[in-house]
Amino acid sequence: ALAKNQIRVLYQPIIYLPTEELAGFEALVRWEHPKRGLMNPVDFVPLAEESDLIVRLGSYVLLRAAPEAARWPRELPRQEDPLFVSVHVSSRQIFRQNLIQEIRHILGRNIVPKGSLRLEITESLVMENPEQATEILEYLRGAGAELALDDFGQGYSRLRLLHELQPNFVKIDRYFVNGVSADPKRRLFLSRLVDIMHVFGIAMIAEGVETEADFRTCKDLGFDYVQGYLIQKPTTDLDHILSLYPIVAGMNARERRNRSTDKSRLQGHLEMLPTMAIDLPM
Ligand code: G
Ligand code: MN
């Protein structure tokens with residue numbers, strides 16, 4: 001698929017909740033299969049993980065996403081917190097030393113501003129070899145990448161890992177998020193979980209937000225970021241997303257999306273974004 005140019009990188013926007021502004025994107029890989037159509041990673045990544053193909057696949061996504069991460073801050077300049085791209089890293093990739101070189105190279109060559117490359121890792125990846133993983137991740141952080149712990153709540157979800165790894169972000173699996181607005185116990189649970197993460201200085205991302213009610217609940221519970229179909233399905237058309245989110249003060253992401261038909265009017269209003277400093281109670 002790589003050789004035949006059938007691998008696509010899609011992007012899903014991530015919204016910073018306090019201001020409801022566009023904050024960045026998650027890069028998601030798809031295989032455009034000639035017969036089966038656009039295939040999700042669950043249907044081919046495990047196979048790629050059985051061989052070194054996953055390393056090539058991972059590099060491909062990284063190499064595609066990094067220039068985008070470098071381009072956005074130029075097109076949407078703002079004083080602080082540039083738009084970021086969040087890229088998945090598999091265990092095979094991380095335990096090969098040249099990932100560090102690769103990331104250093106990418107961060108250098110594309111002049112990707114600090115804070116605009118995030119690496120998504122899972123707990124199971126770290127647990128394969130906790131000491132080595134922690135060491136490598138520390139290097140990567142030193143090179144300028146930020147860490148997001150993905151799929152939190154699915155595995156053992158060890159609190160000790162949070163302490164040892166100190167990820168910048170934790171992403172709560174959509175299993176917990178979907179329908180939270182109608183479930184008082186889950187609301188309470190997630191609210192406590194957000195508090196715990198904030199004690200560690202970790203920002204919280206809710207995945208899989210599909211309804212206005214869940215969006216509002218996540219905001220009320222103190223989540224820092226959301227992503228999900230409500231905002232936007234993953235897409236290859238980045239310029240389209242960027243045109244849907246012109247930088248107009250006082251208009252939030254969903255309002256912008258609803259007004260997207262009136263693009264030409266908004267295009268003239270490009271201004272600096274309000275800053276997005278995260279104020280975590282430590
Ligand atoms: O493993 P990870 O948590 O990164 O999962 C990302 C996957 O979730 C992607 O394949 C993406 O298409 C999918 N996804 C993103 N937003 C939503 C959503 O709102 N609902 C559902 N069902 N899936 C989503
Ligand atoms: Mn992810």
Side-chain angles (χ1 to χ4, degrees), residues 7-15 17 22-33 36-49 54 57-58 61-62 64-65 68-69 84-94 117-127 137 145-155 157 165 167-182 186 190 193 197 202-219 223-238 241 244 253-254 257:
I7 297 298
R8 303 279 170 265
V9 182
L10 276 62
Y11 297 91
Q12 185 177 40
I14 300 176
I15 300 301
L17 272 175
L22 177 67
F25 302 89
E26 174 172 0
L28 293 155
V29 68
R30 297 285 188 273
W31 177 1
E32 198 171 332
H33 195 279
R36 297 160 100 181
L38 217 52
M39 283 169 67
N40 278 320
V42 283
D43 297 321
F44 65 92
V45 164
L47 202 66
E49 276 172 343
I54 191 66
L57 186 65
V61 177
L62 208 50
R64 290 286 297 272
E68 297 296 345
F84 62 81
V85 67
S86 206
V87 180
H88 288 251
V89 171
S90 76
S91 59
R92 277 203 185 234
Q93 257 180 306
I94 204 143
L117 180 67
R118 294 185 183 175
L119 302 176
E120 293 205 9
I121 51 163
T122 59
E123 179 178 32
S124 55
L125 173 156
V126 181
M127 293 319 292
L137 291 169
E146 297 192 318
L147 296 185
L149 193 59
D150 200 9
D151 298 338
F152 194 81
Q154 273 194 348
S157 307
L165 200 62
N168 307 89
F169 310 91
V170 161
K171 304 188 78 168
I172 296 299
D173 196 66
R174 67 170 177 271
Y175 174 84
F176 292 99
V177 174
N178 211 289
V180 63
S181 57
R186 212 157 10 119
L190 285 186
L193 195 59
M197 295 300 172
I202 297 167
M204 284 285 274
I205 303 174
E207 292 186 301
V209 172
E210 294 181 3
T211 64
E212 288 282 343
D214 286 345
F215 181 98
R216 185 96 346 248
T217 302
C218 286
K219 186 167 176 164
F223 275 92
D224 303 281
Y225 300 89
V226 289
Q227 63 185 100
Y229 292 171
L230 174 73
I231 311 293
Q232 171 79 51
K233 287 195 172 181
T235 170
T236 49
D237 194 353
L238 259 177
I241 297 183
L244 296 188
R254 281 169 304 147
R257 192 195 44 182

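Order of appearance sets the numbers: ligands from 1, and atoms from 1 within every ligand.
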Atom pairs and distances, ligand 1 N/O vs protein N/O under 3.5 Å:
from     : atom 1 : to   : atom 2 : distance (Å)
ligand 1 : 1 (O)  : D151 : OD1    : 3.4
ligand 1 : 3 (O)  : D150 : OD1    : 3.4
ligand 1 : 3 (O)  : D151 : OD1    : 3.0
ligand 1 : 3 (O)  : E207 : OE1    : 3.1
ligand 1 : 3 (O)  : E207 : OE2    : 2.9
ligand 1 : 4 (O)  : E26  : OE2    : 3.1
ligand 1 : 4 (O)  : H88  : NE2    : 3.3
ligand 1 : 4 (O)  : D150 : OD2    : 3.1
ligand 1 : 8 (O)  : R174 : NH1    : 3.0
ligand 1 : 10 (O) : R30  : NH2    : 3.2
ligand 1 : 12 (O) : R30  : NH2    : 2.8
ligand 1 : 16 (N) : Q12  : NE2    : 3.0
ligand 1 : 19 (O) : Y229 : N      : 2.8
ligand 1 : 20 (N) : E210 : OE2    : 2.5
ligand 1 : 22 (N) : R174 : NE     : 3.4
ligand 1 : 22 (N) : E210 : OE2    : 3.1
ligand 1 : 23 (N) : R174 : NH1    : 3.4
ligand 1 : 23 (N) : Y229 : OH     : 3.3

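- A donor atom on one side chain and an acceptor atom on the other are not found under 3.5 Å apart for D150 and T122.
- In terms of distance to the Mn ion (ligand 2), the nearest N, O or S atom of E26 is named OE2.
- The backbone N or O of D173 lies less than 3.5 Å from no partner atom in the side chain of D151, so there is not a single donor-acceptor pair.
- Looking only at N/O/S atoms, D150 comes nearest to the Mn ion (ligand 2) through OD2.
- Within H88, the N, O or S atom at minimum distance from the Mn ion (ligand 2) carries the name NE2.
- In this structure, CD in E207 is found 11.5 Å from CG in N178, a value given to the nearest 0.5 Å.
- Side-chain contact between I231 and V209 is absent, with no heavy atoms from C-beta onward closer than 4.5 Å.
- Looking only at side-chain heavy atoms (C-beta outward), E26 and I14 come within less than 4.5 Å of each other.
- The Mn ion (ligand 2) has no N, O or S atom of E207 closer than 2.8 Å.
- Checked against the Mn ion (ligand 2), the N, O or S atom of E120 at the shortest distance is OE1.
- Taking the side chain as every heavy atom from C-beta outward, R30 and P234 approach each other to under 4.5 Å.
- Contact of the F223 side chain with the T217 side chain is not registered, since no non-hydrogen atoms from C-beta on lie closer than 4.5 Å.
- When all heavy atoms of V85 and Y11 are compared, the pair lying nearest together is CG2-CE2, 4.0 Å.
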